[in-house]
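On a predicted model such as this, the values are computed, not experimentally measured, just so you know. Every chain is numbered from 1, with letters handed out A, B, ... down the list of sequences.
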There are 2 protein chains.
Amino acid sequence: MTQESAVASHRIADRLRAQILGGELAPGERIRQEELADEFGASRIPVREALRILVTDGLVTMVSNQGAWVSSLTMEECAEQYSIRERIEPLLLRQSMPALTADTFAQLDELLTQMESVAEVGEFIALDRRFHELTYSGCPTGTLADIITQLWNTTQHYRRVYSELVRGTGSGLDMTHLEHRLLLDAIRRNDPDDAERILAGHIRRTRLELEKHPEVFATT
Amino acid sequence: MTQESAVASHRIADRLRAQILGGELAPGERIRQEELADEFGASRIPVREALRILVTDGLVTMVSNQGAWVSSLTMEECAEQYSIRERIEPLLLRQSMPALTADTFAQLDELLTQMESVAEVGEFIALDRRFHELTYSGCPTGTLADIITQLWNTTQHYRRVYSELVRGTGSGLDMTHLEHRLLLDAIRRNDPDDAERILAGHIRRTRLELEKHPEVFATT
DNA sequence: TCACTTGTAAATGGATACATTTTTTCGTTA
DNA sequence: TAACGAAAAAATGTATCCATTTACAAGTGA
């Protein structure tokens, strides 16, 4: 379990991060320091520190003398982030694979089975994320993993909105399941080249899918 | 020219960043808030903000209740950053190429000529950086460019130390010049595939070269 | 009616003072 | 002598108060 930090700025940052990733705070939303300070029973100093921590995460955007907002992405920016992931997640997967065990494979399999039958949108994207993160779990944390976590975080809102949009239409999700199964198979066979290729394709197709729905994104 | 920010925290961050990138502050060096505050005639509040800004840049590492240090990399971490660059800089170059003009080509050529005859180490790595940045200048700034700037920044110190180490031995630098010429040629010919391949190879060879000199890095 | 100005409210930036945590020092003891 | 521990010193974390900047709105003029 995650221990709550004794430092107020960290506590506030953790809580805010969870709110943003959980969808309680939408991209573009204004964040006022005093409001937050009252909410947490703290002064504005730790709130400002917390905001800067979230800037590091890419989740908050600050402008001098103007304030802070939950970061938002245009469709082009979101696509850019997917293009980056397309190039570097296969690298992380390759480095992770040697350390994965049969036990991990079983967990991955179980996650896929759950995903194939889940109805709720939030649940689906959570399982999807846990699946991919588990495939990377053979890697010690480092810059590569940090960057990828950031990219997942900053695009999470748009994944959720997209999923809600296409829910029930059956579009795209079938392919996702197929790709996941292929990916797990390549990992099990310990074929890093194949795994890299499938993962890159998976991310690429997701990006193209997102680009079919500009209405998900901010207009500016 | 770069306008000095009216906000103290930004001024301090800019100055500190320049000191770190310029080699005045070495990786691992402790940063005391009060010291900096005195140095800038400010209180510790803007100093703390500045430190958090540099954490975002990856140039400073902070630990709760313990303090801040100039970030340092082990050889493995530095190699990891080069591996990431190897995958994503070719992407940035590809996106940049269509916007480059004959004028840019001429500037790139001029930079290479200067590099081939420069004697001073600091001058060399500065020209090298300007050359590559100019090849990327066709791209609007975005997440990809930001990440790459960060990776260049966090590894800059080790490039400098390495360059000083091999100065005069003639090892490796010849290859660097050849690769740069090949790269510029591919860019001129507007051959993105070739340019991507050469650039990836260039970064990869630099990484391998660095890995031949573990003494450049922190031992922990 | 529209553009511009100005004044006021509100929000962010920063200084000082204090609280808390960590580190260091120094004395004690086995 | 080495190890343990307590007290002092130093550094970071936070609250409060004030300064400065920005945003909003009402008012004035053409």
Side-chain angles (χ1 to χ4, degrees), chain A residues 2-20 24-72 218-220, chain B residues 2-20 25-72 218 220:
Chain A
T2 314
Q3 174 77 29
E4 195 174 62
S5 173
V7 181
S9 50
H10 285 36
R11 271 202 315 273
I12 298 173
D14 290 345
R15 178 85 188 92
L16 255 185
R17 187 185 298 108
Q19 285 185 344
I20 295 172
E24 294 174 59
L25 288 174
E29 197 156 324
R30 176 73 184 271
I31 302 175
R32 283 184 190 80
Q33 298 177 2
E34 203 143 7
E35 239 175 59
L36 265 185
D38 291 347
E39 192 176 328
F40 284 93
S43 79
R44 276 174 46 230
I45 299 287
V47 168
R48 285 161 61 173
E49 307 260 339
L51 291 177
R52 292 231 180 257
I53 290 174
L54 294 174
V55 169
T56 303
D57 288 348
L59 293 175
V60 162
T61 303
M62 296 181 77
V63 177
S64 295
N65 279 309
Q66 293 197 22
W69 295 262
V70 179
S71 296
S72 67
T219 48
T220 3
Chain B
T2 315
Q3 174 77 28
E4 195 175 63
S5 173
V7 181
S9 50
H10 285 35
R11 272 202 316 272
I12 299 173
D14 290 345
R15 177 87 187 92
L16 255 185
R17 187 186 297 109
Q19 286 186 343
I20 295 173
L25 288 175
E29 199 156 321
R30 177 71 185 272
I31 302 173
R32 282 185 191 77
Q33 298 177 2
E34 203 143 6
E35 241 176 56
L36 264 185
D38 291 347
E39 192 177 328
F40 284 94
S43 78
R44 279 172 44 228
I45 300 287
V47 169
R48 292 166 63 91
E49 307 261 340
L51 291 178
R52 293 227 181 260
I53 290 173
L54 293 173
V55 168
T56 303
D57 288 349
L59 293 176
V60 162
T61 304
M62 296 182 78
V63 178
S64 295
N65 279 308
Q66 293 198 21
W69 295 262
V70 179
S71 298
S72 68
T220 5

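Near DNA chain D, defined here as any heavy-atom distance below 4.0 Å, the residues from residues 33-50 of chain A are A:Ala42, A:Ser43, A:Ile45, A:Pro46, listed numerically. Non-hydrogen atoms lying under 4.0 Å from DNA chain C are contributed by B:Asn65, B:Gln66, all within residues 60-67 of chain B.
Across the interface with DNA chain D, nearest-nucleotide mapping of B:Ala6 and A:His10 shows A:His10 to be the residue nearer the 5′ end.
At a threshold of 4.0 angstrom between heavy atoms, the contacts of A:Ile31 are confined to the sugar-phosphate backbone, with no base atom among them.
For residues 58-67 of chain A, no residue pair satisfies the salt bridge (charged side-chain N to carboxylate O under 4.0 Å, His left out) rule, not counting sequence neighbours. Listed by first and then second residue, the side chain to side chain donor-acceptor pair (under 3.5 Å) pairs that reach into residues 29-42 of chain A are A:Gln33-A:Arg44, sequence neighbours excluded. Identified under the salt bridge (charged side-chain N to carboxylate O under 4.0 Å, His left out) test for residues 60-69 of chain A, with sequence neighbours left out: none.
The heavy-atom pair separating B:Ser43 from B:Val47 by the smallest distance is O-CG2, 3.6 Å.
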Name every donor-acceptor pair, under 3.5 Å, that has one atom in a side chain of residues 50-62 of chain A and the other anywhere in the protein, sequence neighbours excluded.
unit_1, atom_1, unit_2, atom_2, d
A:Arg52, NE, B:Glu49, OE1, 2.5
A:Arg52, NH2, B:Glu49, OE1, 3.0
A:Thr56, OG1, A:Arg52, O, 3.2
A:Thr56, OG1, B:Thr56, OG1, 2.8
A:Asp57, OD2, A:Arg17, NE, 2.7
A:Asp57, OD2, A:Arg17, NH2, 2.8
A:Thr61, OG1, A:Ser71, OG, 2.8

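Here B:Arg30 reaches the OP1 or OP2 of D:dT12: one of its side-chain N or O atoms lies under 4.0 Å away.
With values rounded to the nearest 0.5 angstrom, A:Ile31 atom CD1 is found 6.5 Å from A:Leu36 atom CG.
Under the side chain to side chain contact (heavy atoms under 4.5 Å, CB included) criterion, B:Pro27 pairs with B:Ser72, B:His157, B:Tyr158, not counting sequence neighbours. Residues passing the side chain to side chain donor-acceptor pair (under 3.5 Å) test with A:Ser64, sequence neighbours excluded: B:His10.
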Any protein N or O atoms within reach of nucleotides 6-10 of chain D? Criterion: under 3.5 Å, listing atom names and distances.
none

